[in-house]
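Data first, discussion second: the structure below is written as structure tokens.
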Amino acid sequence: MSDNQGSFSSLDPGNRILMGPGPSDMHPRVYQAMGAPLTGHLDPYFIKVMDETKTLLRYVFQTENKLTFPISATGSAGMETCICNLVEPGDEVLICISGVFGERMAEMVKRHGGQLNRLVSEPGQPISVKQLREALESCQPKLVGLVHAETSTGVLQPLEEIIEVIHEYNALVLVDTVASLGGTPVKVDDWNIDVCYTGSQKCLSAPPGLSPVTFNDRAVEMIAHRKVPVDSWYLDLTLINSYWNEDRIYHHTAPINLIYALREALILIHEEGIDEVQVRHNINYQAFAAGIDAMGLKFFVNEPHRAPTINPIIAPEGVEEASVRQALLENYGIELGGGLGLLKGKAWRIGLMGQSSKRDHVILCLTALEETLRLQGYDKINSGIAAASDVYQANI
Ligand SMILES: *Cc1c(COP(=O)(O)O)cnc(C)c1O
């Protein structure tokens, strides 16, 4: 409470440039959509909004899956929805771990009674096909979980070949695309991803609070044959599906305005085109990486395993990771992420996601880093701006 009881200033967080691991910037149209008048959660107008949101999600996930809709909670709830609906007590599950979010998935499998097998990659590396084959020879999982873009380390897990191998062993594939969908290709149907979830606030640039999921027929079938009820009422997919798809039976009060906002954010992606959106993310990543390299700074992950959407950069010797972030926030309004997991206190995590993946953001971020690092005694090797600018010139 403020000392001055009963008197509160009006809300004004100031302008932020969100370049951390999420949330990312929102387009003005998304703010506007969020403020549209509230309807009831079974209002015919809102039902139409729900149907359009599902169609747009299928476009972004590149799937025909009927069971495609947002869970009313953040990305972690999408993760838990997938785990708790697919895993029954005693079921064998293999989770591939390249960082904190793989660990989170593994923890959820344990809590929902699954028999957990862990496959951990080398730091800064994805899981290789060879490692996966070896793991699949020594257990019989019904489900294999993978994180596409591991936000804690910046590793991008190649998926296509690994999914084929998992299917050879007759397991279902679950992929976390919270930090990748909309920023780098994810083709649910072409790649035969059985189950996939994402988050609204990362590359989709909607407010946090929704977690779109998509389940193919094989996964729906597996749920239909469960022996025991799902051990969460709120995240029971069959119940949620009867609100989003079947009989429109009330399950919970949908967060109407968040869904308005997600719909608008997805329309923006549809207008630009999903392929074009990914090309934009890639060019901004290339320009940013050229700038970082020119300055003599180091990525935690080497090519070709970098997620273009989230970039852990090692803080150089003598530079204080946290005080650089604080200076960028105070002087430029730029939010970067700190290190998470094994990179805690050692790296910045710089996100180039959704509406934050922009040329002016990249140039401003490199400028702000150059200036701030200089004040901390780090002498850059070359200008990051010139190197980034060359990439943009080459891509006009
Ligand atoms: C952010 C993130 C999550 C968790 O999402 P929340 O919205 O914070 O619950 C899960 N997986 C990955 C890869 C993420 O980046």
Side-chain angles (χ1 to χ4, degrees), residues 16-22 24 97-103 120-126 147 149-157 179 282 284-353 356-357 359-392:
R16 291 284 189 274
I17 294 171
L18 298 174
M19 299 187 75
S24 55
I97 302 171
S98 312
V100 167
F101 292 101
E103 290 287 0
V120 182
S121 71
E122 295 295 317
Q125 294 285 331
V147 177
E150 174 50 76
T151 319
S152 64
T153 53
V155 170
L156 187 71
Q157 173 67 52
N282 189 49
N284 286 318
Y285 157 72
Q286 297 291 345
F288 175 75
I292 290 295
D293 288 344
M295 289 162 70
L297 297 170
K298 297 275 175 268
F299 278 80
F300 176 62
V301 178
N302 291 324
E303 287 287 22
H305 297 306
R306 288 184 198 154
T309 50
I310 181 71
N311 302 278
I313 308 294
I314 308 291
E317 278 288 314
V319 167
E320 245 184 53
E321 180 275 314
S323 65
V324 170
R325 268 189 297 129
Q326 190 189 342
L328 257 66
L329 189 65
E330 280 173 9
N331 301 335
Y332 295 91
I334 298 176
E335 182 193 83
L336 304 185
L340 184 64
L342 60 91
L343 293 179
K344 194 171 184 336
K346 297 188 183 135
W348 303 290
R349 287 181 306 145
I350 305 184
L352 296 170
M353 299 188 197
S356 295
S357 171
R359 178 179 176 154
D360 51 353
H361 280 25
V362 168
I363 297 292
L364 181 63
C365 179
L366 291 170
T367 307
L369 267 179
E370 272 190 26
E371 196 246 8
T372 308
L373 289 176
R374 184 172 167 274
L375 294 178
Q376 288 233 355
Y378 175 79
D379 216 355
K380 69 177 192 298
I381 313 262
N382 286 302
S383 160
I385 313 302
S389 168
D390 284 346
V391 172
Y392 286 120

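Just so you know, these numbers use all the heavy atoms, side chains as well, and skip hydrogens, waters and symmetry mates.
Listed by chain and number, the residues in a side-chain hydrogen bond (donor to acceptor under 3.5 Å, both in side chains) with Ser389 amount to none (sequence neighbours excluded). Listed by chain and number, the residues in a side-chain hydrogen bond (donor to acceptor under 3.5 Å, both in side chains) with Asn311 amount to none (sequence neighbours excluded). Listed by chain and residue number, Tyr332 satisfy the side-chain hydrogen bond (donor to acceptor under 3.5 Å, both in side chains) test with Glu371 (two or more places apart in sequence, or in another chain). Under the rule for a side-chain hydrogen bond (donor to acceptor under 3.5 Å, both in side chains), His305 has no partner lying at least two apart in sequence or in another chain.
Atom OG1 in Thr153 sits 10.0 Å away from atom CD in Gln125 (nearest 0.5 Å). Rounding to the nearest 0.5 Å gives a distance of 4.5 Å between CD of Glu370 and CE of Met295. Between Gln157 atom CD and Ser98 atom OG the span is 5.5 Å, to the nearest 0.5 Å. Atom CD1 of Ile314 is separated from atom CG of Leu343 by 5.5 Å, given to the nearest 0.5 angstrom.
Geometrically, Arg306 engages Phe299 in a cation-pi contact defined by less than 6.0 Å to the ring centre and at most 45° from the axis.
Counting only residues at least two apart or in different chains, salt bridge (charged side-chain N to carboxylate O under 4.0 Å, His left out) contacts with residues 322-338 comprise Glu321-Arg325. Residue pairs satisfying the salt bridge (charged side-chain N to carboxylate O under 4.0 Å, His left out) criterion with at least one member in residues 336-351, sequence neighbours excluded, are absent.
At least one donor-acceptor pair closer than 3.5 Å links the side chain of Glu150 to the backbone N or O of Ser152.
Between Leu369 and Ile350, the closest side-chain pair of non-hydrogen atoms falls below 4.5 Å.
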